[in-house]
Student: 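Handing you a structure now.
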Amino acid sequence: MPKPLNSGRSRPSRTVRGGGRRPRGASRFGRAYYPQYRTAGMFRQFRSEVSSALADALASLDLPTDDLGIERPPDDMDATLASSVAFRLAGVVGDAPPNVASDVAGAVDVEGYDYLVDVDTAGPYVNFHAGERYLADTLGSAADDEAYGSLPDRDTTTVVEHTSANPTGPVHVGRARNPIVGDAVANVLEYAGYDVDRHYYVNDAGRQMAVFTWAYETFDEDDLDDEPARDRVEYDLVRYYRKGNEFLENADPDAVEAAEAEISAILQGLEGGDEATYERVGEVVDAVLGGMKGCLARLPAEFDEFVKETRFMLDGSTDDVADRLKETEYAVYEEDAWQLELDDWGIDKNLVFLRSDDTSLYTTRDLAHHEWKFENYDRAVTVLGEDHKLQADQLDATLELLGNDVDQLGHVIYSYVNLPEGKMSTRKGTGVMLDDLLDEAVDRARAAVESRMDDRIRDDDLTEEDVERIAHQVGIGAVRYDIVSKQPAKAITFEWEEALDFEAQSAPYVQYVHARCCGILDEAESAGIAVPGVSDPVDVDVAALETDAARELLREVARFPAVIESAAEDLEPHTVATFTREFAEAYNAFYRECPVLTAESDELRDARLAVVAAARHTMANALDALGVEAPESM
RNA sequence: GGGCACGUAGCUCAGCCAGGAUAGAGCGUCGGACUUCUAAUCCGAUGGUCAUGGGUUCGAAUCCCAUCGUGCUCGCCA
């Protein structure tokens, strides 16, 4: 295994406020974080105890143990886990499922388990119950640990490539899913214990950039029809790109031919390693990319590295890939170009990897790029639009035939956001700019904060700065949450009203839970009450928590690490968003039924305070994984 | 036309990969709850042939096949 290039390299510093990333070991709340507290979660342990106990029980009855049928029971059942195994075994033992369930439950031995204390049946289901210690340990680990939900380090380096939009102009909403989903995927993997780098692959070698460079050098400000839509460099420069494309479409044939010759010369210069050409193209690429970075930083989506495509042309690795491909049995030379037949991978379209003039194509360079990833990382994940699906399949197949282990490569495919009237296009200048969406979101959030000021019960006198902070957290959070909470494969048609809906099931709904937690904890602090797990070691009796709502909330807290684990495993951050909603419901029930500061005894108050601290850590980190900020007041 | 996705309440979506308890939320509509740790909250009512038809199974929104609808894709573009 080659040593990762990035090992030992220090991470770029970044803001520690919610929503941004922070280096491992640093904490959201500015205190030191002690990794020994990192726990895989009580739910996961309970689940494995149930598996083991049930398998033993079945074995003792001489029944098959290959399918345990362990599942989460409906909300109205008080069991933590259940098994539907009796349905399947009914045929084997020749008895009705409820009777089988009864026999199985009777054979389960809960002796020796930490959390599994009781088994019973409900009709055909075997139900498993967690004991006090389950809740006590959950409370202890979550109230105590500001990084609760972070799983133990897996010692696995992972590169998440996302966005990678061609540097042709401002980021529009059509592609906004990419940085938002990509950032969340990276966050979730980080929470799951992977060592993640975030990459933006810069397509700086293609025809688009050659056209852009030619247009930028050819046209003057006077030739352009419009003023820049916004005072940032990519809004200025995209006008040259659009002008150039318009010229190529509409100018007289001789002029177009001359232009094409210049564009072709630029492409040849890149392919031939001509330094002057690299500089010319690089000037445009770097300028536009710089502006796009500025836009993405508003989300914020930040990157560890911008990897340029030309790098793999300059270092010879693209040529090397092409040479190796020619040697394979799948290579054919047809119609003056080198192609690959990928029928064995179920792809009937040939992949051209060298043009007739011997120059490389995007995918050829991307192959070299991916082999570079494999050399430097244990795993690679790419977030890309559905229009790149075929290309990704061809890439996978080709990487495999080159001898790479493609199991280490994962894709997240998302569907584009379209306007009701059709696709967004940078070249044509159609589309809603991400900057405009974020501006509008913040404006509306600000208006909402201000209109709520009057009927606020809490007299915490929001300053102008507070209003602005909340407007940003809520406005940007709402845009991100709306996108990250949906399955990426589903198509979205962009509607302003929908994207900016701050009603329930949106970011403010779950952010509010965090703010409510903070409100109680602040109140406790100003009243001089120590908060178990935060200002004190956790030393509370969970038995004091008599209310179902409190215990139910703790059970949700217990699930969080398992939610992170499966979201990371399946590369599905939207499941974390689903969790935040379910968690919010549990918290709101607790909030309604369990007064904390005015609890009837100090013991109960302390226990509930610890629950609030645990809930805060859970929600803060769930939101952080989604890339949504967690406001301390709103 | 071939390939790949998607189709769940009037609308926006979970649930599907690893089949199992009465298919869940929100918005909308209607009706309730603030002298209380924040009402951006909560409670109740309303609303579904899970696109259609078949198949597998004790059991299908979930797996398989077909059909219909929508999107993406099928360049020596990226």
Side-chain angles (χ1 to χ4, degrees), chain A residues 67 69-71 73-77 82-88 90-91 97 122-125 164 166 168 203 205-209 309 335-339 346-349 352-359 361-363 365-366 385-391 393 413 415-416 418 445 448-449 452 455-460 470 474 482 485-487 489-493 495 498 501-509 511-513 515-524 527 570 572 574-575 577-578 581-582 584-585 587-589 591-599 608-609 612 633-634:
Chain A
D67 186 354
I70 293 170
E71 58 194 71
D75 291 340
D76 52 354
M77 300 299 295
S83 168
S84 59
V85 74
F87 285 108
R88 278 177 294 284
Y125 293 90
S164 302
N166 292 349
T168 52
N203 306 137
R207 180 181 156 83
Q208 287 187 29
M209 292 322 300
E309 191 179 2
E335 297 174 35
D336 299 328
W338 279 98
Q339 318 191 6
I347 300 167
D348 55 5
K349 301 302 290 185
V352 175
F353 64 92
L354 278 184
R355 293 189 182 99
S356 47
D357 64 359
D358 234 27
T359 58
L361 288 95
Y362 173 82
T363 306
R365 290 169 233 137
D366 206 20
E386 62 175 340
D387 54 340
H388 287 66
K389 182 73 167 63
L390 174 64
Q391 185 241 315
D393 289 343
I413 309 282
S415 174
Y416 277 151
N418 289 320
V449 178
R452 285 166 210 273
D455 39 42
R456 260 173 102 81
I457 292 175
R458 191 177 169 82
D459 59 340
D460 52 0
I470 295 166
V474 169
D482 181 58
S485 61
K486 291 169 185 163
Q487 288 185 36
K490 306 225 182 188
I492 294 180
T493 301
E495 311 270 5
E498 241 169 63
D501 183 5
F502 294 167
E503 293 303 310
Q505 247 184 21
S506 70
Y509 173 70
Q511 287 174 317
Y512 190 53
V513 166
R516 278 180 150 180
C517 289
C518 293
I520 293 173
L521 296 174
D522 285 352
E523 202 76 19
D570 302 334
E572 289 184 335
H574 79 273
T575 57
T578 303
R581 273 199 296 271
E582 291 165 352
E585 277 171 36
Y587 183 81
N588 285 325
Y591 186 91
R592 183 177 67 247
E593 291 173 32
C594 302
V596 177
L597 299 173
T598 56
R608 286 178 175 169
L609 266 176
V612 173
S633 69
M634 61 187 279

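Each chain gets a letter, A, B and so on, in the order its sequence line appears, and its residues count up from 1. Worth saying up front: this structure is predicted, and the values here are computed from it rather than measured.
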Student: Could you work out which one of B:C58, B:A14, B:A21 sits closest to the side chain of A:Arg88?
Tutor: B:C58
Student: A:Tyr591 side chain N/O closer than 4.0 Å to the phosphate oxygens (OP1, OP2) of B:A39?
Tutor: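 The answer is yes; a side-chain N or O of A:Tyr591 sits under 4.0 Å from OP1 or OP2.
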Student: Taking only the C1' atom of each, what is the distance from B:G26 to B:U46 in whole angstrom?
Tutor: 14 Å
Student: With heavy atoms under 4.0 Å as the rule, sort A:Phe502 into base, sugar-phosphate or nothing.
Tutor: nothing
Student: Choosing from B:A14, B:A21, B:C6, which nucleotide comes nearest the side chain of A:Ala82?
Tutor: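 Between B:A14, B:A21, B:C6, the one nearest the side chain of A:Ala82 would be B:A21.
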Student: Mind running side chain to side chain contact (heavy atoms under 4.5 Å, CB included) on A:Glu71 and A:Ser84 for me, showing each step along the way?
Tutor: CA-CA 8 Å; A:Glu71 58 194 71; A:Ser84 59; 3.2 Å; yes
Student: Suppose you measure atom P in B:A25 against the same atom in B:C58; what distance do you get, rounded to whole Å?
Tutor: 32 Å
Student: Assign the ring pair A:Phe87 / A:Tyr125 to parallel, tilted or perpendicular, where the plane angle (0 to 90°) is split at 30° and 60°.
Tutor: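 It falls in the perpendicular class, over 60°.
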Student: Distance between the C1' atoms of B:A60 and B:C16, in whole angstroms?
Tutor: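 Those two atoms are separated by 11 Å.
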Student: If you look at every strand shown and take non-hydrogen atoms under 4.0 Å, does A:Thr578 touch a base, only sugar-phosphate, or nothing?
Tutor: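 Sugar-phosphate, no base atom in range.
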Student: Side-chain N or O of A:Lys490 less than 4.0 angstrom from OP1 or OP2 on B:G7?
Tutor: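 Yes, within the criterion.
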Student: Between B:C77, B:U41, B:A40, spot the one nearest the side chain of A:Arg355, thanks.
Tutor: B:C77
Student: Quick one: do A:Val513 and A:Tyr591 satisfy side chain to side chain contact (heavy atoms under 4.5 Å, CB included)? Show the steps, please.
Tutor: CA-CA 9 Å; A:Val513 166; A:Tyr591 186 91; over 6 Å; no
Student: Between B:C50 and B:G24, how far apart are the two C1' atoms, rounded to whole Å?
Tutor: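 These two C1' atoms come out 12 Å apart once rounded.
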Student: Pick from A:Glu309, A:Gln391, A:His388: which one makes a side chain to side chain contact (heavy atoms under 4.5 Å, CB included) with A:Asp366?
Tutor: A:Gln391
Student: Determine whether the side chains of A:Asn588 and A:Arg516 contain a donor N or O and an acceptor N or O closer than 3.5 Å.
Tutor: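 Yes, because at least one side-chain N or O of A:Asn588 sits under 3.5 Å from a partner of the opposite role on A:Arg516.
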Student: Among the candidates B:G2, B:U8, B:G20, find the nucleotide nearest to the side-chain atoms of A:Glu71.
Tutor: B:G20
Student: Expressed as a whole number of angstroms, how long is the span from A:Glu593:CD to B:C43:C1'?
Tutor: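 Taking CD of A:Glu593 and C1' of B:C43, I get 11 Å after rounding.
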Student: Any base atoms under 4.0 Å from A:Val612, or only sugar-phosphate, or nothing? Heavy atoms, all strands.
Tutor: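 Nothing, no heavy atom under 4.0 Å.
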